[in-house]
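The model shown is predicted, which means the values in this text are computed figures rather than measured ones.
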Amino acid sequence: MILGHLWGIYTHPKQEWRTIDKKHEGLLSGCLSHILITALFPSIFAFISSVYIGWDIGAGEPIFLTASSAIPMAIAMYIALITGVFALAYLTYWMSKTFGATPSMTQAIELAAYTATPLFMTSVAALFPHLWFLMLVGLAGLTYSVYLLYTGVPILMHIPEERGFIYASSIVTAGLVLLVSIITSSVILWSYGFGPEFVH
């Protein structure tokens, strides 16, 4: 079922991880659909807030973007989010043998997809685009994503919790490096004229 695990990962995460591990719905019908849908939320809400609501950074008037520049940025964000999930899944799969785990690539994608969900879902906060509020909600989403990762690794990778803790910590480190890489790529693209156009 599309988004079938969404409620469970918030209300009873450990039990839901066991359900995911037991069922393995398949790449197309399960986690891929989940990624493609949940990754839409940040792109859509960021577009709406930047074009129609305006971003309040705490100084001066709200900042608006033109729709013509916000659309390609929203599409680029969507592609970057999906690419980021798959890159994290690959890194998870690549590191697995080091920690005595033998997951399939589908399991690694499931772990990355459902771990990223809280971060994607916090994007609804963009409808109230005040910098302080977005930072608080984003921090809460990041914290819960990390919690999901630490609880999900031992279950999905079938390894003891002690080893799973170290494995999850390595994934967090890889995820941070990945995030910095995406931000750096964005800055480089902006310097070549692919940045936003502001409404004056």
ILVMFWY cluster, [X] and [Y] together (side-chain gap under 4.5 Å):
{"X": "Leu176", "Y": "Met95", "value": "yes"}
{"X": "Val172", "Y": "Trp94", "value": "yes"}
{"X": "Phe133", "Y": "Tyr52", "value": "no"}
{"X": "Leu142", "Y": "Val137", "value": "no"}
{"X": "Phe45", "Y": "Ile37", "value": "yes"}

With rounding to the nearest 0.5 Å, note down the distance linking [atom1] in [X] to [atom2] in [Y].
{"X": "Ile63", "Y": "Ser49", "atom1": "CD1", "atom2": "OG", "answer": "11.5 Å"}
{"X": "Glu16", "Y": "Leu148", "atom1": "CD", "atom2": "CG", "answer": "10.5 Å"}
{"X": "Ile166", "Y": "Glu162", "atom1": "CD1", "atom2": "CD", "answer": "9.0 Å"}
{"X": "Ile53", "Y": "His130", "atom1": "CD1", "atom2": "NE2", "answer": "9.0 Å"}
{"X": "Ser96", "Y": "Leu91", "atom1": "OG", "atom2": "CG", "answer": "11.0 Å"}
{"X": "Asp21", "Y": "His158", "atom1": "CG", "atom2": "NE2", "answer": "3.5 Å"}

Tell me whether the rings of [X] and [Y] are parallel (<30°), tilted (30 to 60°) or perpendicular (>60°).
{"X": "Phe128", "Y": "Trp132", "result": "perpendicular"}
{"X": "Tyr10", "Y": "Tyr144", "result": "parallel"}
{"X": "Phe165", "Y": "Tyr150", "result": "tilted"}

Please find the pair of heavy atoms, one from [X] and one from [Y], that lie closest to each other, and give the distance.
{"X": "Ala125", "Y": "Leu134", "answer": "O-CD2, 3.3 Å"}
{"X": "Ile155", "Y": "Lys14", "answer": "CD1-O, 3.7 Å"}
{"X": "Thr11", "Y": "Pro13", "answer": "C-CD, 3.8 Å"}
{"X": "Met121", "Y": "Thr38", "answer": "SD-CG2, 4.3 Å"}
{"X": "Gly54", "Y": "Pro129", "answer": "O-CG, 3.0 Å"}
{"X": "Ala108", "Y": "Tyr93", "answer": "CB-CB, 3.9 Å"}

Just by distance, with hydrogens left out, do Ser50 and Trp55 show a side-chain donor and acceptor under 3.5 Å apart?
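Absent: no donor and acceptor within the cut-off.
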[Y] side chain reached by [X] side chain, heavy atoms, under 4.5 Å:
{"X": "Thr92", "Y": "Tyr167", "answer": "yes"}
{"X": "Thr115", "Y": "Ile171", "answer": "no"}
{"X": "Leu131", "Y": "Asp56", "answer": "no"}
{"X": "Trp17", "Y": "Pro154", "answer": "no"}
{"X": "Phe41", "Y": "Val124", "answer": "no"}
{"X": "Ile109", "Y": "Leu32", "answer": "no"}
{"X": "Phe99", "Y": "Met157", "answer": "no"}
{"X": "Leu6", "Y": "His34", "answer": "yes"}

Identify all side-chain donor-acceptor contacts of residues 67-89 below 3.5 Å with residues at least two apart in sequence or on another chain.
| unit_1 | atom_1 | unit_2 | atom_2 | d |
| --- | --- | --- | --- | --- |
| Ser68 | OG | Thr66 | OG1 | 3.3 |
| Ser69 | OG | Thr66 | O | 3.2 |
| Ser69 | OG | Thr66 | OG1 | 3.0 |
| Ser69 | OG | Glu197 | N | 3.1 |
| Ser69 | OG | Glu197 | O | 3.4 |
| Tyr78 | OH | Leu36 | O | 2.8 |
| Thr83 | OG1 | Ile79 | O | 2.7 |

For the CE atom on Met135, are there more than 12 heavy atoms of other groups (residues, nucleotides or ligands in this structure) within a distance under 6.0 Å?
no
